[in-house]
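Report on one structure; see the data block that follows.
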Amino acid sequence: MNRRRTIVMLNNDFRLHDHPALYNAVNSGDVIPVFIYEEEDQEKWSIGAAKKWWLHQCLHSFQQSLHEVGGKLWIFKGTANEILPRLIEETRAEAVYWNRSYHPEIYKSHIKLAKELSNHNLEIQTFEGITLLPPWSTTRKEHEPYRVFTPFYKAFPMKSVPQAYPSIKRMDTPNITLNSLMVEDLDLLPKEKWPDFLETAWEPTEEKAIQIFKHFCEEKLGHYGEDRDIPSREGFSKLSPYLAMGMISARSMFHYLLDYRNHTAFIRQLIWRDYAYQFLYYFPHSTTLPLQELFKEIRWNDDEDRFDAWKKGSTGFPFIDAGMRELWGTGYLPNRVRMVVASFLVKDLLIPWQKGAEWFWDTLIDADLANNTMGWQWVAGSGVDASPYFRIFNPATQSKRFDPDGAYIKKWVPELKDLPKKYIHEPWNAPDDALAKAGITLGKTYPLPIVDHAAARKRALDRYEEIKNK
DNA sequence: TGGCAGTTGCT
DNA sequence: GCAACTGCC
């Protein structure tokens, strides 16, 4: 007798633990896991370069994981709408399962797909595989999302977060002939040489993700509230790349955390993530347009040279430059630094936040459309629960507060490493002999600041004032 | 999930 | 001089 066959369509959920679609498929018969790589059709927010690199690593790793439990991964190129109907026919599958993606384009096309497939006498099921609870579940009223985080957080029904599904130990694959592409065929690796450090900074396995998480709970969770803001102390989890690719599940983290003391600050971050998904789900256009209409009117100073200086980490502000270089070198940035460099781009340089969002999207290996959008709209002040427009970070003050001994700066901006910590946050104020002694010539070995912060701050306030009075 | 200028009230 | 505080952007 033929066993029932289920196709599981994968998308940023490369794990065996707490995988609703895969788990349910495994329990109903033979499973055909497929990954369909939607080639760039110039669509906005298709995967950025860094995340492509990471996807390449993760696909290899997940192939191996599936192999170890008796499964196999089939890889295709194209769109799900073209490929799935053909697969269903060729494999004689009776069901198609997937965990929902909330990327607006993908979500839309999957809904359309589900409609089309339902004509084929198939069982179609979608599951929640990303967030703690589906984005529509904690709203003010039906279809009315929260506009401020704190009420969302307070209303969030922690007791309703479902238990994680057990890890899959064994799966059955039908004996079929079905050609799959190799990971290499997807051509995900960058053409140019990437910084060497990237190759060694991240290990793309589910086991590693879980190991990092457990280590985090044991060693760092207790001080997470304070240490997560100090980049040199690395008090944060560094799990975002794994979370973004679904190598670890938010739900399983959530339940595991409850057994530890001092878990509140971290769980709050997980709920921020759910909130970002609610934001993306209800405001899909927010990826490119300011949520508050007024902010469309801001007069930017879209200066390409300054944008380049920001991207390259040569703004002359050590803390900013350290961050931008870390981003380029590792595909990662601590949240505090993300906020400060983002504020600098938007407020000090008056460059549209969308350009910053695109740069982050291309360079972060943990790039996540919901988090990226919410973060940039927050900084720009144009989101719902946004930072007030007058909140402008002072790059030097933030540097002194969160990198007091300059360790982070020295790591990423080595040309300043011999400068005493007294001057390292604002080298333009250092006396000549201190600079000479450290072997620094401003404007030559390290740039002069590309803007005067005090003047830039005033200018930003003026520009925001203009729209306020409209 | 700020910063700044102006002020007070100390040394 | 300076911390601590205040009101405002």
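Excluded from the calculations below are hydrogen atoms, water molecules and symmetry mates; all remaining heavy atoms, backbone and side chain alike, are included.
A heavy-atom distance below 4.5 Å is not found between the side chains of A/Leu327 and A/Tyr332.
The ring of A/Phe35 has its center closer than 6.0 angstrom to the ring center of A/Phe14.
To the nearest angstrom, P of B/dT1 lies 14 Å from CD of A/Glu226. Rounded to whole Å, the distance from CZ on A/Arg391 to P on C/dG7 is 18 Å. Counting to the nearest Å, the P atom of B/dC4 and the NZ atom of A/Lys347 are 13 Å from each other. For the pair A/Leu461 CG and C/dG7 C1', the computed distance is 15 Å after rounding to whole Å. A/Phe236 has its CZ atom 19 Å from the P atom of B/dT1, to the nearest Å. Per the geometry, OH belonging to A/Tyr464 stands 14 Å off C1' belonging to B/dG2, to the nearest Å. Distance CZ (A/Phe393) to P (B/dT1): 10 Å, rounded to an integer number of Å. Put simply, OH on A/Tyr224 is 12 Å from C1' on B/dT1, counting in whole angstrom units.
Between B/dG3, B/dT1, C/dC9, one nucleotide has an atom nearer to the side chain of A/Glu465 than all others, and that is C/dC9. Of the candidates B/dT1, C/dC9, B/dG3, B/dG3 carries the atom nearest the A/Asn394 side chain, counting heavy atoms from C-beta on. Distance from the side chain of A/Gln398 is smallest to B/dG3 among B/dG3, B/dT1, C/dC9. Relative to the side chain of A/Thr397, the nucleotides B/dT1, B/dC4, C/dC9 differ in distance, and B/dC4 lies closest.
Backbone-only contact: A/Arg401 has heavy atoms under 4.0 Å from sugar-phosphate atoms and none from a base.
Here A/Arg325 pairs with A/Glu415 in a salt bridge; the nearest charged N to carboxylate O distance falls below 4.0 Å.
A pairwise comparison of heavy atoms in A/Gln377 and A/Leu291 identifies OE1-N, 3.0 Å as the closest pair.
Within residues 449-460 of chain A, the residues having any heavy atom under 4.0 Å from DNA chain B are, by residue number, A/His453, A/Arg457.
A distance-only check finds no donor-acceptor pair linking the side chain of A/Arg251 to the backbone of A/Ala164 [under 3.5 Å].
Counted by atom type alone, A/Tyr277 and A/Asp368 present one or more donor-acceptor pairs between their side chains at under 3.5 Å.
A/Asn429 CG: more than 12 foreign heavy atoms inside a 6.0 Å radius.
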